[in-house]
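Read through the structure below, which is laid out as structure tokens, and then see the notes.
Computed from a predicted model, the values in this text were never measured in an experiment.
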Amino acid sequence: MSTPRLLAQTLPGLRLAPRRAAGAIAQHARCYTKPSASPAPAAISPCSRPAARHARWSSPFQRRAFSASPAVSHGHVETPKAGEELYVTFIDKEGMEHKIAVSKGANLLDIAQAHDLEMEGACGGSCACSTCHVIVLDQEYYDKMPEPDDDENDMLDLAFGLQETSRLGCQVHMTPELDGLRVKLPSMTRNLQSSDFK
């Protein structure tokens, strides 16, 4: 008795595959076996199709052009035009002053990050954390700023070392009225985000 029939009797659930199916499997398997003595023409061989496809796209005139959008990185600020500079001074955690010329409309978070100052901005400037907390040193300048909205006040409540003149850097945009602004970076930041309380 042949081995397949013996297995079929031993395992009742096992069925013999039809001969034509086995032949089809063998036909597809030829691509992965050694070539026979009389190989099929390359034009009709299934194995040659990927090579032909590769050859078709390898022509320099038929390659698809590759393009990518420029990466938008947080912290990019425009260089101010001559005569239109506004100045802001950051006092870092070590007490060093950094006076920077900026353009109208730039926010303190972008300015600090563009000049490698230690201001995290974990939420990307979306007013959803308190890691860009700054302390405005002069009450006069603080009074010239628009009132913080509810979202900013909620995040300021989570800030480390909160003071009466605390603001979020991402929400303070430079205007001519704020020319000469001086802000201090707190000694620590607390990375709590609004998503932590949902």
**Complete:** In terms of heavy-atom contacts, Ala128 and Cys123 come closest through N-SG, 3.3 Å
**Prompt:** Hey, mind stepping through His133 and Thr189 against side-chain hydrogen bond (donor to acceptor under 3.5 Å, both in side chains) and telling me if it holds?
**Reply:** CA-CA 7 Å; His133 170 216; Thr189 58; over 6 Å; no
**Asked** Are Leu108 and Arg167 side-chain neighbours, meaning at least one heavy-atom pair lies under 4.5 Å?
**Response** no
**Test item: Phe90 and Met119 side chains (from C-beta on) under 4.5 Å apart, heavy atoms** = yes
**Request:** Evaluate the side-chain proximity of Tyr87 to Val102: yes if any heavy-atom separation is below 4.5 Å, no if none is.
**Result:** no
**Beyond-backbone contact of Met145 with Leu181, side-chain heavy atoms, under 4.5 angstrom** = yes
**Prompt:** So which heavy atom on Leu178 is nearest to which on Met174, and how close?
**Reply:** O-CE, 3.5 Å
**Request:** Give the minimum heavy-atom separation between Gly125 and Cys170, together with the two atoms involved.
**Result:** CA-CB, 3.8 Å
**Message:** How long is the straight-line distance from NZ of Lys144 back to CG of Asp179, given to the nearest 0.5 Å?
**Reply:** 9.0 Å
**Between CD on residue Glu85 and OG1 on residue Thr79, distance to nearest 0.5 Å** = 10.5 Å
**Asked** Counting heavy atoms not belonging to Asp150, are there more than 12 under 6.0 Å from its CG?
**Response** no
**Asked** Can you tell me how far the CG atom of Leu137 sits from the CZ atom of Arg182, to the nearest 0.5 Å?
**Response** 5.5 Å
**Item:** The single option from Ile91, Val172, Val134 passing side-chain contact (heavy atoms from CB on, under 4.5 Å) against Val183
**Value:** Val134
**Item:** Check: Gln171 and Leu109 side chains under 4.5 Å, non-hydrogen atoms
**Value:** no
**Message:** Any heavy-atom pair between the side chains of Phe160 and Ser130 that's under 4.5 Å?
**Reply:** no
**Prompt:** Considering only heavy atoms from C-beta outward, does the side chain of Cys132 approach that of Glu120 to under 4.5 Å?
**Reply:** no
**Request:** Decide yes or no on side chain to side chain contact (heavy atoms under 4.5 Å, CB included) for Leu86 and Ser103, but give the supporting numbers first.
**Result:** CA-CA 6 Å; Leu86 302 175; Ser103 300; over 6 Å; no
**Request:** Check step by step if side chain to side chain contact (heavy atoms under 4.5 Å, CB included) holds for Glu177 and Tyr141.
**Result:** CA-CA 8 Å; Glu177 292 76 25; Tyr141 282 95; over 6 Å; no
**side chain to side chain donor-acceptor pair (under 3.5 Å) partners for Lys93, two or more places apart** = Glu118
**Request:** Check the side chains of Thr165 and Gln163 for a donor-acceptor pair under 3.5 angstrom, ignoring hydrogens and angles.
**Result:** no
**Item:** Heavy-atom check, side chain of Leu162 versus side chain of Ile135, under 4.5 Å
**Value:** no
**Asked** About how many Å separate CG of Asp151 and CG of Leu156, when rounded to the nearest 0.5 Å?
**Response** 11.0 Å
**CG on Asn153 to OG on Ser166, rounded to 0.5 Å** = 11.0 Å
**SG on Cys129 to CG on Leu158, rounded to 0.5 Å** = 9.5 Å
**Request:** Compute whether any side-chain donor of one residue and acceptor of the other, for Thr89 and His98, lie under 3.5 angstrom apart.
**Result:** no
**Residues in side chain to side chain donor-acceptor pair (under 3.5 Å) contact with Asp143, at least two apart in sequence or another chain** = Gln139
**Message:** Between Asp138 (side chain only) and Glu140 (backbone N and O only), is there a donor and an acceptor less than 3.5 Å apart?
**Reply:** no
**Message:** Could you check whether Asp110 and Asn107, counting side-chain N and O atoms only, form a donor-acceptor pair closer than 3.5 Å?
**Reply:** yes
